[in-house]
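Shown next, in structure tokens, is the structure this report addresses.
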Amino acid sequence: MHDRIFLSSPHMGGSELNYIGQAFADNYIAPVGPHIPAFEREFEAFLGQGHCVAVASGTAALHLALRLAGVGPGDEVVCSDLTFIASASPVVYQGARPVFVDADPRTWNLDLEALEAHLSARRRAGGPMPRALILVHLYGQPCDVDAAAAICAEYGLALVEDAAESLGSLHAGRQTGTFAPLAAFSFNGNKIITCGGGGMFVAQDKAQADKARFLATQARDPAPHYQHSELGYNYRMSNLLAAVGRGQLEVLAERVEQKRALFAGYRERLGAEPWIEFMPEAPSGRANRWLTCALFGDDAHSGYRLREAVRLALEEENIESRPVWKPMHMQPVFADAPFVGPGADEELFARGLCLPSDTKMTEADLDRVCGAIRRAVKGQS
């Protein structure tokens with residue numbers, strides 16, 4: 001059996017162990033320590049703007065963002081339908097109700113035309129507007145944040161960027177997660193850089209960042225004893241994870257180029273085949289290509305059969321792949337949530353597969369994956 005090729009596994013750059021060693025040498029093994037504020041400062045410097053709070057996960061960062069955006073019980077929050085559940089779960093944590101909007105096949109991101117049509121119809125009917133919009137940069141594909149912000153301004157929605165998958169992605173030459181007042185990044189183990197976990201809350205207003213830091217540390221009041229005037233969370237990142245994050249941030253630019261090179265390698269080897277179509281790149285942005293995603297077949301029915309044949313064949317050869325995210329409106333937990341759009345993302349789910357996008361892959365690994373894909377497709381013809 002060949003060595004396993006992973007979908008996207010951690011890739012250390014070298015400095016992580018040095019920073020971890022510092023933490024051990026200084027005995028900052030408990031949650032707090034100097035690597036946390038250092039990581040936050042370095043992340044702010046990378047973004048070029050905003051105020052950062054290192055937290056336990058991207059989900060925690062998004063939850064804090066929704067709370068600071070004023071989302072509460074009874075509110076509605078618009079969310080991308082084609083996404084990971086962590087984009088939507090914090091809406092429910094706040095007692096609010098998600099409204100899912102279909103994907104645009106041209107970008108796979110939230111269909112802004114469908115969103116505007118929905119909001120316009122609600123205004124004409126005299127109905128209440130949603131409280132906020134969570135805009136997901138899917139698989140590192142940058143959304144048209146300017147257009148989304150204009151819609152939010154027109155209809156009075158707070159805008160929150162879910163940039164969990166898009167660190168290193170650019171919209172109009174600017175890093176995602178810096179357009180909206182509030183944003184969230186993830187450092188989960190499979191992301192383009194990782195702390196083994198963790199996330200980053202980003203606010204353009206320092207007061208909101210300070211409030212998020214307060215809430216993330218159990219909302220402890222400034223007193224010598226433990227006193228709490230409001231409910232908070234145990235959401236702060238640990239010093240050890242921040243140490244890893246500092247080392248990872250140093251190699252982010254290299255990882256983006258490696259991810260994009262992998263995508264280009266797949267397209268060079270398979271792009272001319274009639275049975276595969278790769279995820280497009282938005283014309284106004286530069287994706288980090290966190291995962292190389294492709295559609296198989298010509299329609300939902302044939303594409304599903306071919307996608308599954310490829311996925312199972314890859315697994316037989318010890319190669320990890322994964323279907324694209326199952327749309328939220330198709331998830332049992334959200335069976336009663338409103339859905340806006342014709343259901344274009346149902347076909348993306350049926351035909352879509354995330355191919356191995358591990359930055360440690362070699363050209364030989366890429367040849368091995370593509371060869372396995374070709375054999376699987378040939379076996380179906």
Side-chain angles (χ1 to χ4, degrees), residues 62 66 69 71 75-92 96-166 171-172 176 179-180 277 279-285 287 293 295 299-300 303 324-331 333-352:
L62 195 55
L66 290 181
V71 172
D75 288 335
E76 287 187 339
V77 176
V78 177
C79 183
S80 303
D81 189 54
L82 186 62
T83 186
F84 181 52
I85 194 170
S87 301
S89 296
V91 176
V92 183
R97 184 187 190 197
V99 176
F100 297 113
V101 175
D102 204 357
D104 184 339
R106 296 170 295 185
T107 64
W108 297 23
N109 280 323
L110 184 143
D111 188 332
L112 294 174
E113 293 177 3
L115 171 63
E116 184 158 31
H118 171 70
L119 295 176
S120 177
R122 290 186 67 161
R123 174 183 279 176
R124 290 194 303 272
M129 285 294 129
R131 173 72 67 174
L133 165 65
I134 298 173
L135 194 66
V136 180
H137 301 286
L138 186 75
Y139 294 124
Q141 172 85 287
C143 293
D144 188 343
V145 197
D146 298 315
I151 293 172
C152 287
E154 172 66 24
Y155 294 96
L157 280 65
L159 178 61
V160 175
E161 283 184 80
D162 180 352
E165 301 170 359
S166 66
H171 167 67
T176 58
F179 292 84
E277 175 186 346
M279 182 179 182
E281 186 166 51
S284 62
C293 303
L295 301 178
D299 54 46
V324 301
W325 301 127
K326 184 176 183 178
M328 291 297 100
H329 82 275
M330 298 175 68
Q331 300 285 353
V333 70
F334 292 127
D336 297 328
F339 172 67
V340 176
D345 58 10
E346 294 179 15
E347 181 170 329
L348 296 177
F349 169 61
R351 298 171 58 201

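Throughout, numbering of the chain's residues begins at 1 and tracks the sequence. Model, not experiment: these values are computed from the prediction.
- Contact check for Ile85 versus Gln331: no side-chain heavy atoms found under the 4.5 Å cut-off.
- For CG of Asp336, the number of neighbouring non-hydrogen atoms (other residues, nucleotides, ligands) closer than 6.0 Å is 12 at most.
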- For Leu66 and Arg131, what are the C-alpha separation, side-chain angles and deciding distance, and is it a side-chain contact (heavy atoms from CB on, under 4.5 Å)? CA-CA 10 Å; Leu66 290 181; Arg131 173 72 67 174; over 6 Å; no
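- Residues meeting the salt bridge (Lys or Arg N to Asp or Glu O under 4.0 Å) test with Glu76, sequence neighbours left out: Arg97, Arg122.
- For the atom pair CE (Met328) and OG (Ser89), the distance works out to 8.0 Å, reported to the nearest 0.5 Å.
- Taking all atoms of both residues into account, the shortest heavy-atom contact from Pro338 to Pro98 is CD-O, 3.4 Å.
- A pairwise comparison of heavy atoms in Arg106 and Pro280 identifies O-CG, 3.1 Å as the closest pair.
- The side chain to side chain contact (heavy atoms under 4.5 Å, CB included) search around Ala121 returns Arg124, not counting sequence neighbours.
- Nearest heavy atom pair, residue Ala300 against residue Ala350, reads O-CB, 3.8 Å.
- Using a 30° and 60° split on the angle between ring planes, Trp108 and Tyr139 fall in the perpendicular class, above 60°.
- Between Met279 and Thr107, the closest heavy-atom pair is CE-O, 3.7 Å.
- Of the possible donor and acceptor atoms, one in the side chain of Thr176 sits under 3.5 Å from a partner among the backbone N and O of Ser166.
- Residues Val340 and Leu115 are not in side-chain contact: their nearest non-hydrogen atoms beyond the backbone lie 4.5 Å or more apart.
- Checked by atom type and distance alone, the side chain of Glu116 never pairs as donor or acceptor with a backbone atom of Ile151 at under 3.5 Å.
- Applying the salt bridge (charged side-chain N to carboxylate O under 4.0 Å, His left out) test to pairs two or more places apart or on separate chains, those with a residue in residues 142-154 are Arg123-Glu154.
- Put simply, CZ on Phe179 and NE2 on His171 are 5.0 Å apart, with the number rounded to the nearest 0.5 Å.
- Distance check, rounded to the nearest 0.5 Å: SG of Cys143 to CG of Leu112 gives 7.0 Å.
- Considering SG of Cys79 and CG of Asp162, their distance stands at 7.5 Å, rounded to 0.5 Å.
- Residue Gly352 comes nearest to Leu295 through the heavy atom pair CA-CD2, 3.7 Å, listed as atom of the first residue, atom of the second, then distance.
- Looking only at side-chain heavy atoms (C-beta outward), Thr83 and Leu110 stay at 4.5 Å or farther from each other.
- Taking CG from Asp104 and CG from Leu82, the interatomic distance works out to 11.5 Å, rounded to the nearest 0.5 Å.
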- Evaluate the side-chain contact (heavy atoms from CB on, under 4.5 Å) criterion for residues Glu161 and Val145: first the C-alpha distance (whole Å), next the side-chain angles of each, then the deciding distance (0.1 Å), finally the verdict. CA-CA 9 Å; Glu161 283 184 80; Val145 197; 4.1 Å; yes
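- Without hydrogens or angle criteria, Asn109 side chain to Leu138 main chain gives a donor-acceptor distance under 3.5 Å.
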- Given Phe84 and Val136, is the side-chain contact (heavy atoms from CB on, under 4.5 Å) satisfied, shown in steps? CA-CA 9 Å; Phe84 181 52; Val136 180; over 6 Å; no
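- The two residues Pro105 and Ala344 come nearest to each other via the heavy atoms CG-CB, 3.9 Å.
- Between the Asp102 side chain and the Gly343 main chain, a donor and an acceptor come within less than 3.5 Å of each other.
- Separating the CG atom in Leu133 from the CG atom in Leu159 is a distance of 5.5 Å, to the nearest 0.5 Å.
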- Check against side-chain contact (heavy atoms from CB on, under 4.5 Å), Val77 and Ile134: CA-CA 7 Å; Val77 176; Ile134 298 173; 3.9 Å; yes
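- Looking at Pro130 and Tyr155, their side chains never come closer than 4.5 Å, going by heavy atoms from C-beta outward.
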